[in-house]
Amino acid sequence: MSETTPAAETAAPHRYTAQLAAEIEGRWQDFWDTHGTFAAPNPSGDLDADPDLAARPKKFIMDMFPYPSGAGLHVGHPLGYIATDVYARYQRMTGHNVLHTLGFDAFGLPAEQYAVQTGTHPRVSTEANIVTMRAQLRRLGLGHDKRRSFATIDPDYYRWTQWIFLQIYDSWYDKAADRARPIADLVAQFADGTRATPDGRPWAELTPAEQSDVLGTHRLAYAAESPVNWCPGLGTVLANEEVTAEGRSERGNYPVFKANLRQWMMRITAYADRLLADLDALDWPEAIKLQQRNWIGRSEGARVDFPVHTVDGAPGEHAVTVFTTRQDTLFGATYMVLAPEHDLVDAIVPAGWPAGIPEVWTGGHATPAAAVAAYRKQAASKSDVERQAEAKDKTGVFTGAYAVNPVTGEPVPVFIADYVLMGYGTGAIMAVPAHDSRDFAFARAFELPMRCVVRPTDGRGEDPATWDDAFASYDAEIVNSANDTVSLNGLGVTEAKTAITAWLTERDIGHGTVNYRLRDWLFSRQRYWGEPFPIVYDEDGVPHALPDSMLPVELPEVDDYSPRTFDPDDADTSPETPLSRNADWVTVELDLGDGPRTYRRETNTMPNWAGSCWYELRYLDPFNSQALVDPAVESYWMGPREGQPAGGVDLYVGGAEHAVLHLLYARFWHKVLYDLGHISSFEPFHKLYNQGMIQAYVYRDARGIAVPAAEVTEDGAGTYHYQGEKVSRLLGKMGKSLKNAVTPDEICAEYGADTLRLYEMAMGPLDVSRPWDTRAVVGQYRLLQRLWRNVVDETTGEVTVSDAEPDEQTLRALHKAIDGVRGDLADLRFNTAIAKITELNNHLTKSGAPVPRAVAEQLVLLIAPLAPHIAEELWSRLGHPTSVAHADFPVADPELAQDPAVTCVVQVKGKVKARLEVPPAIADADLEALALADPAVVTALGGAAVRKVIVRAPKLVNIVV
RNA sequence: GCCCCGGUAGCCCAGCGGAAGAGGCAGUGCUCUCAAACAGCAUCCAGCGUGGGUUCGAAUCCCACCCGGGGUACCA
């Protein structure tokens, strides 16, 4: 955009230019800060300031916690922040006490990696980034309650993160009560014998270490040896949720390996059912609910024991338990598969191959043990990518052992194969090749028998030998499924499941069960830049929780905070925690109640999800030093109420990429705190909204390298050039590396923050992704210029509004706009709200006359949530001494919002033949008579008999002949 | 493979059972200007991805398919 020339400035010295916008915006931002315009009062406590405001209905509006990136913001980042700000401002103007603020999620890998790259201490670089980001966001005019902003790295904040960890650590899940309870209750049960210890000895006879181990199997936060995702390239272990389907780290895209390590875990699985069930009460996008449901992966089925005998051993020596959702097909189970890592494999492998087995079963090995060892080695060396790529080609090997199908009594061979996963169900399956496509593929590859036990409904016949794939439908009848004591023949799938489950239960062979895909949450990381655990170990290695008085456990200053990383492909490495290098800090003398003793600190740190698991609660009461949140304050802002049975934040806006990770973890912590009586809501976020992405064109040269988008030229024929060379164009993400980033700072400088806000909101619906187009920004700038001109004389700077009464047409346009804008803003349809404001403003511009004051003021109020700076300025120039932020939003007069006459379309056989101007309240009968009497209609009918008349007063009459 | 979301003027998008268009960008012409930019005024532009169906009537509802985006993936 070109500079305003001196000539133009002379002609219109008071025009709304970027310079004027910048001046106005800076001035009002200062005003808001000075006057605490957006400070939301609490009903009690140290933020209790304004009882009148606190008496209003509340709205708690939140954005997802950003991490303060060192790279700076591009225009895509603030999209959600602007949207929540517009919504919050609208709610504030419609009589609500609105809490809206923004803090920073400043621990974790991104902040640490940035710090490592730039060679500065994470705290220094992170705090500098926060300062930069705060300045960038301030420029947008966001109405945040800045008193309530904090960062997760503030010791005052992570003191409570640690406190919550201890609450979780000191809790267990009481299945009978279906809630978490203090671990002390469990200790009491063990102590008084209500609950037996695992080995039956009295509780008091267990050593402290043994007691600690027993409690560890119940605690909601526990340390355990388990197979975890070890990422040498990052030097840390990762949660399942942080590993992509390709078996790489979500951050950095490094290979991830399975390793058995002692790590902290969170028993989120205890909450699987509630996390699933409570989704129903939430106002979330269905897609996100679906992703959470899939992640939790509840499936109903049965566990069935298959006795296994080896050729050498006695029958029934071992039993392999399988999990199946198709217990109705048990008669069709013709072989079994164990995961290669299954711990029963070694116990059942015989010394030699049984006689007469097909050659493919042995994998060419001389003994079962050799075959198993070779297959295990091969399976372990395969990356998940390879495993996935080869998913269609089933591999495996016979263990040499046979199990007994408990309903048919037939021996079934037991295989190991990597298509059965150790981590799901029991790590063992019964294979029903006729009715499961994976088993079918395996059976074909290994010449295994199939038995049809569900009659196909697609006419393929009952001989699986002739089939191309398994028949897996549920909507069919069971056949070939009977023994001496039970018959499923003729039953449907559902009835058969019930019947066979009852039969299995009666004989103690199996039972109905529910299985979850969800696993416990790996909670420790080998990082410096995270919350330290408030845990120390004594000389016996028994963990001890630190008392409240010793919190926070602050991160020590260290010289070397870098993670120890390794060759990304070297699986034979193990993590080293940066904190362990600091002996002075690790070894500590404490008095935990039995005199001063020497302890060793936990040197893992918490994952970056920890700080974002509960921040919504701290916004409510950020300075409380006695509790994480005052219960009265929590209940005021988040408590359950009409339409929000679980309570929670009224509106939570953020990207869909957090569908599982953050949202699941935060819900889990919230429920624990609820169970322990600290809060009254049992869901953190009532309404969730996912904003779309702002995309941008990526231009690449012949080598495929991105070229600066700003310097690409377009010719008429839709081809693009950079420095004379043809380049390709593709819609993608916006970012520095793609050389297509546009920053809010440059748009603000060019047009002002109000224009940027309007443009981002006008581009399209909030939840849809759309491409950024810098050229189009000027449209919103023009709107603001016209608005300005409708109130202020560009030459003199005088307010030009008249005291005349508005004419009827203008009044109607105004009330129609008010009516529409209210609905649109309340429903986050900012794009259409802006269109309606533009329409009204254009109407006033076209009329040419000075705008009546009454109309100008209402117009300013209408646009105030969207373009708050210009609204404040005009509001002030119109003579109002107070901020527009708490002014009342206009209310439409329903009479005026409706047109006095509407055009009614008269159709004959669906074709428009006449138009009538009728009052909107006209009765159906009157309208029909009017239509039938219309000369054009009479002509069109040509005397034909009228069969039917459809009347949709007042807009349409359709005559069928 | 499966599951979501979306395909309406050159572009971004309204309309979501009843005359295809709310708003914006770009284009074109004109006004202002010495000229240009800015600004203003006017104007051009689609038959709603494709094919079926339901209906008096479909961009809107249903089915199938195509294209684009996202998610997920041997979960027994």
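Numbers restart at 1 for each chain; the letters A, B, ... are given by sequence-line order, proteins then strands.
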Nearest-Å distance for atom pair CZ/P, residues R786(A) and G23(B)
11 Å
Nearest-Å distance, CG (L664(A)) to P (U72(B))?
14 Å
Rounding to a whole Å, what distance do you find between N294(A):CG and C3(B):P?
11 Å
Choose from G57(B), C3(B), A22(B) the nucleotide whose nearest atom is closest to any side-chain atom of A835(A).
A22(B)
Whole-angstrom distance between U33(B) and G23(B), as gauged at atom P
30 Å
Regarding Y699(A) and N740(A), do their side chains bring together a donor and an acceptor under 3.5 Å, going by distance alone?
no
Winner on side-chain proximity to N842(A), out of G23(B), A22(B), C25(B), is G23(B)
Out of A76(B), C3(B), C74(B), whichever nucleotide has its closest atom nearest the side chain of Y419(A):
C74(B)
Can a donor-acceptor pair under 3.5 Å be found between the side-chain atoms of K846(A) and the base atoms of C41(B)?
no
Expressed as a whole number of angstroms, how long is the span from Q780(A):CD to A22(B):C1'?
13 Å
Do you see a donor-acceptor pair shorter than 3.5 Å between the side chains of T17(A) and Y781(A)?
no
Whole Å only: how far is the CE atom of M422(A) from the C1' atom of C74(B)?
16 Å
R812(A) side chain to Q898(A) main-chain N or O, any donor-acceptor pair under 3.5 Å?
yes
Any idea which of A76(B), A39(B), G23(B) is nearest the T324(A) side chain?
A76(B)
Whole-Å distance separating the CD atom of Q19(A) from the P atom of C38(B)
15 Å
So if I take every side-chain heavy atom of R517(A) and compare against A73(B), C25(B), C56(B), which nucleotide ends up nearest?
A73(B)
Suppose you measure atom C1' in U50(B) against the same atom in U8(B); what distance do you get, rounded to whole Å?
15 Å
Proximity to the side chain of Q291(A) - top-ranked nucleotide from C4(B), G71(B), C56(B):
G71(B)
Distance between the P atoms of G17(B) and C74(B), in whole angstroms?
40 Å
Rounded to whole Å, CH2 of W295(A) lies from P of U72(B) at a distance of 8 Å
Can you tell me which nucleotide in A39(B), A14(B), A76(B) comes closest to the side chain of Y781(A)?
A39(B)
Please list, pair by pair, any protein nitrogen or oxygen found under 3.5 Å from a nitrogen or oxygen in nucleotides 8-13 of chain B.
| residue | atom | partner | partner atom | Å |
| --- | --- | --- | --- | --- |
| C12(B) | O2' | M763(A) | O | 2.9 |
| C13(B) | OP1 | S769(A) | O | 3.4 |

Using the side-chain heavy atoms of A287(A), tell me which of these nucleotides is nearest: C4(B), A76(B), G18(B).
C4(B)
Interatomic distance where CG belongs to L866(A) and P belongs to G24(B) [whole Å]
15 Å
Does D436(A) come within less than 4.0 Å of R326(A), counting only side-chain N to carboxylate O?
no
Residue V778(A), side-chain atoms from C-beta onward, closest of C25(B), A22(B), G57(B):
C25(B)
What's Q695(A) touching, base or sugar-phosphate or nothing? Going by heavy atoms closer than 4.0 Å.
nothing
